[in-house]
Amino acid sequence: MSGRLSRLLLAATVATTIVFSAKADVETLPADAAHKLVQRGEMILIDVRTPTEWAMTGMPRDSIGATLQDVDFLAQARGAVLGDLEYPVAVICRSGNRSSEAAKRLAQAGFTHVFDVAEGMTGHEGAGDGWIKRGLPTDQFLPPDH
């Protein structure tokens with residue numbers, strides 16, 4: 001019986017370790033580093049702002065828009081990585097608040113390499129100047145025709 005109990009405890013420990021190690025730690029990434037990784041095809045950048053904000057400033061070059069408040073935000077994020085939750089993902093917003101929330105939600109949903117561009121598009125004190133002030137490229141947002 002003790003051999004069987006030992007195997008059960010070992011199995012439970014391994015299962016617990018796998019569950020806890022699957023949760024990602026969210027790391028902060030400077031805007032210029034995010035841009036370089038996206039341009040090299042090593043990361044997906046998701047802009048979690050609203051379409052109105054995208055229209056006002058443009059979106060980071062080669063980013064994907066998925067508004068944090070959308071009911072299907074997580075589904076959109078999964079689609080951005082074609083279901084590969086191990087593919088590195090960074091999130092950006094205006095000044096770092098929504099991107100922090102988005103990063104936490106992605107990590108809780110099983111994404112394993114999650115980065116927060118905490119300085120955002122416009123900069124955030126202590127986090128950096130932001131995408132725009134750094135002079136990083138943007139793409140114009142054109143809303144779909146209705």
Side-chain angles (χ1 to χ4, degrees), residues 6-144 146:
S6 295
R7 286 192 300 276
L8 286 173
L9 286 173
L10 177 60
T13 302
V14 169
T16 302
T17 302
I18 290 169
V19 168
F20 285 118
S21 65
K23 290 204 176 204
D25 288 328
V26 175
E27 297 181 45
T28 302
L29 190 65
D32 55 347
H35 173 64
K36 287 176 187 171
L37 290 166
V38 169
Q39 293 308 300
R40 292 195 316 228
E42 297 175 12
M43 174 178 283
I44 297 289
L45 178 61
I46 300 175
D47 188 335
V48 301
R49 298 176 300 150
T50 65
T52 301
E53 291 172 296
W54 300 333
M56 289 179 0
T57 64
M59 296 174 68
R61 170 81 30 94
D62 298 322
S63 66
I64 293 171
T67 301
L68 178 61
Q69 292 82 9
D70 284 351
V71 174
D72 64 346
F73 169 72
L74 289 174
Q76 291 178 51
R78 283 187 200 96
V81 295
L82 304 175
D84 181 359
L85 301 186
E86 293 183 3
Y87 197 84
V89 174
V91 288
I92 191 169
C93 67
R94 183 180 57 84
S95 63
N97 293 322
R98 284 172 286 175
S99 63
S100 175
E101 175 63 28
K104 289 176 193 170
R105 286 180 60 189
L106 293 173
Q108 290 170 347
F111 286 75
T112 58
H113 302 312
V114 182
F115 300 87
D116 178 9
V117 183
E119 64 191 276
M121 291 295 288
T122 62
H124 185 75
E125 189 175 330
D129 289 335
W131 193 277
I132 295 168
K133 194 171 187 179
R134 286 179 182 268
L136 297 170
T138 59
D139 294 325
Q140 182 179 8
F141 172 71
L142 299 173
H146 292 293

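Nearest heavy atom pair, residue Met59 against residue Phe141, reads SD-CD1, 3.9 Å. Minimum interatomic distance between Cys93 and Arg98 (heavy atoms only, all atoms of both residues): SG-N, 3.5 Å. Taking each heavy atom of Ser100 and Asp116 in turn, the nearest pair found is CA-OD2, 3.4 Å. Nearest heavy-atom pair, Asp70 versus Gln76, reported as atom, atom and distance to 0.1 Å: OD2-NE2, 3.3 Å. Minimum heavy-atom separation, Ala90 to Met43: CB-SD, 3.5 Å. Across Gln69 and Val48, no two heavy atoms sit closer than the pair OE1-O, 4.5 Å.
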- Query: What do the steps show when you test Ile92 against Met121 for side-chain contact (heavy atoms from CB on, under 4.5 Å), and what is the final call?
  - Reply: CA-CA 7 Å; Ile92 191 169; Met121 291 295 288; 3.8 Å; yes

- Query: Hey, mind stepping through Leu106 and Leu74 against side-chain contact (heavy atoms from CB on, under 4.5 Å) and telling me if it holds?
  - Reply: CA-CA 7 Å; Leu106 293 173; Leu74 289 174; 3.8 Å; yes

- Message: I'd like to know whether Ile64 forms a side-chain contact (heavy atoms from CB on, under 4.5 Å) with Ile44, so could you lay out the CA-CA distance, the side-chain angles of the two residues, the decisive distance to 0.1 Å, and finally the verdict.
- Response: CA-CA 8 Å; Ile64 293 171; Ile44 297 289; 3.9 Å; yes

- Query: What's the verdict on side-chain contact (heavy atoms from CB on, under 4.5 Å) for Glu53 and Thr50, showing C-alpha distance, side-chain angles and the deciding distance?
  - Reply: CA-CA 5 Å; Glu53 291 172 296; Thr50 65; 3.2 Å; yes

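Of the possible polar contacts, none joining the Gln39 side chain to the Lys36 backbone as a donor-acceptor pair under 3.5 Å is found. Between the side chain of Thr67 and the backbone N or O of Arg49 there is at least one donor-acceptor pair closer than 3.5 Å. Distance alone, capped at 3.5 Å, is enough to place a donor-acceptor pair between the Asp139 side chain and the Asp62 backbone. Not a single donor-acceptor pair under 3.5 Å links the side chain of Ser95 to the backbone N or O of Gly120.
Under the 4.5 Å side-chain criterion, counting only non-hydrogen atoms from C-beta, Asp47 is in contact with Pro60.
Between the CH2 atom of Trp131 and the CG atom of Asp32 there is a distance of 9.0 Å, given to the nearest 0.5 Å. Once rounded to the nearest 0.5 Å, the distance linking CG of Leu37 with CZ of Phe115 reads 7.5 Å.
Shown are Val91, Leu85, Val26; of these, the side chain to side chain contact (heavy atoms under 4.5 Å, CB included) with Phe111 is made only by Leu85.
Using a 4.0 Å cut-off between charged nitrogen and carboxylate oxygen, Arg134 and Glu119 count as a salt-bridge pair.
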